[in-house]
Structure formats: structure tokens, C-alpha cells
Amino acid sequence: MPGDGKASERDLSARGLSAHILPTSATMVGVCMTVLSIGHLAPRGEVRVAIDKLLAVDAIVFLVSAVLSFMSLRPGQSRLSYESWGELLFICGLALLALGAVVLAFVIN
């Protein structure tokens with residue numbers, strides 16, 4: 001029903017989530033770069049190259065998540081779709097970062 005406030009509450013909650021994903025995704029790009037630097041403490045080898053590539057791709061995933069979150073904050077019809085994709089990519093980015101950290105922990109002596 002128009003005017004009951006439910007639609008505006010959903011809109012505010014959607015903007016709230018995007019407002020959190022945007023700066024956090026940008027921060028996570030920096031975290032990926034930091035972990036890439038720490039990864040150079042590991043001995044050279046195929047595993048380190050794989051970790052470097054994984055973290056580089058992860059930084060791109062977080063960047064796309066940040067862009068989608070930004071786009072969802074702008075007025076338009078596709079706002080919720082952008083936010084859904086941004087949220088999904090953010091979760092995937094976190095999973096990739098965790099995977100890279102676990103592998104890196106076992107490679108560094």
C-alpha cells in the first residue's frame with residue numbers, strides 16, 4: 001500500500017547495505033595489496049605465483065563490488081539489482097581472500 005512506509009523502509013535498508021559494502025570493498029582492495037606484499041616473504045615457486053594471481057583477481061572482485069554498490073546508491077530502477085550483485089561479489093571476494101590467506105599461511109616457513 002502506498003504511504004504505509006514499508007517501501008521506504010526497504011529502500012533505506014538497501015541503501016544502508018550498499019553504504020557499508022562500498023567503503024569496505026575499497027578497503028579490501030588495499031588488504032589484497034597488503035597480502036600480496038606479505039606473500040613475497042614466501043619462497044619463490046608455483047604456489048606463490050598462484051597466490052599472487054588469486055589475490056590480484058580478488059582485488060578486481062572487490063573493485064567491481066565497490067562499483068556495483070556505488071551504482072546502487074544512485075537513483076534508478078536497477079538499484080536493487082546492482083546491490084544484490086555487489087553483495088554477492090563482496091561475499092565471493094571475502095571467500096577468495098580467506099582461501100589465499102590459508103594457502104599463504106601454509107607456504108610461509
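Hydrogens, waters and symmetry mates are skipped; everything else that's a heavy atom, side chains included, is used. In what follows, residues are counted from 1 in the order of the sequence shown.
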Connected via hydrophobic side-chain network under 4.5 Å: [X] and [Y]:
X	Y	value
V57	V67	yes
L94	M33	yes
V49	V103	no

| task | Show your working on side chain to side chain contact (heavy atoms under 4.5 Å, CB included) between I51 and V47 and close with a plain yes or no. | result | CA-CA 6 Å; I51 292 170; V47 176; 4.0 Å; yes
Rounded to the nearest 0.5 Å, what's the gap from [atom1] on [X] to [atom2] on [Y]? Could you check?
X	Y	atom1	atom2	result
S18	M71	OG	CE	11.5 Å
D58	L63	CG	CG	11.5 Å
I21	T24	CD1	OG1	8.0 Å
W85	L68	CH2	CG	9.0 Å
F62	L97	CZ	CG	5.5 Å
S25	H20	OG	NE2	12.5 Å

| field | Side-chain donor or acceptor of E83 paired with backbone N/O of S72 under 3.5 Å | value |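 Checked: no pair found.
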| Is there a donor-acceptor pair under 3.5 Å between the side chain of S65 and the backbone N or O of V61? |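 Checking the backbone N and O of V61 against the side chain of S65, no donor-acceptor pair under 3.5 Å is found.
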| said: Is there a side chain to side chain contact (heavy atoms under 4.5 Å, CB included) between M28 and F90? Walk through the geometry before answering. | reply: CA-CA 9 Å; M28 296 309 287; F90 182 78; 4.3 Å; yes
| message | Under the side chain to side chain contact (heavy atoms under 4.5 Å, CB included) test against L36, which residue among L55, L104, L54 passes? | response |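 The residue from L55, L104, L54 that satisfies side chain to side chain contact (heavy atoms under 4.5 Å, CB included) with L36 turns out to be L55.
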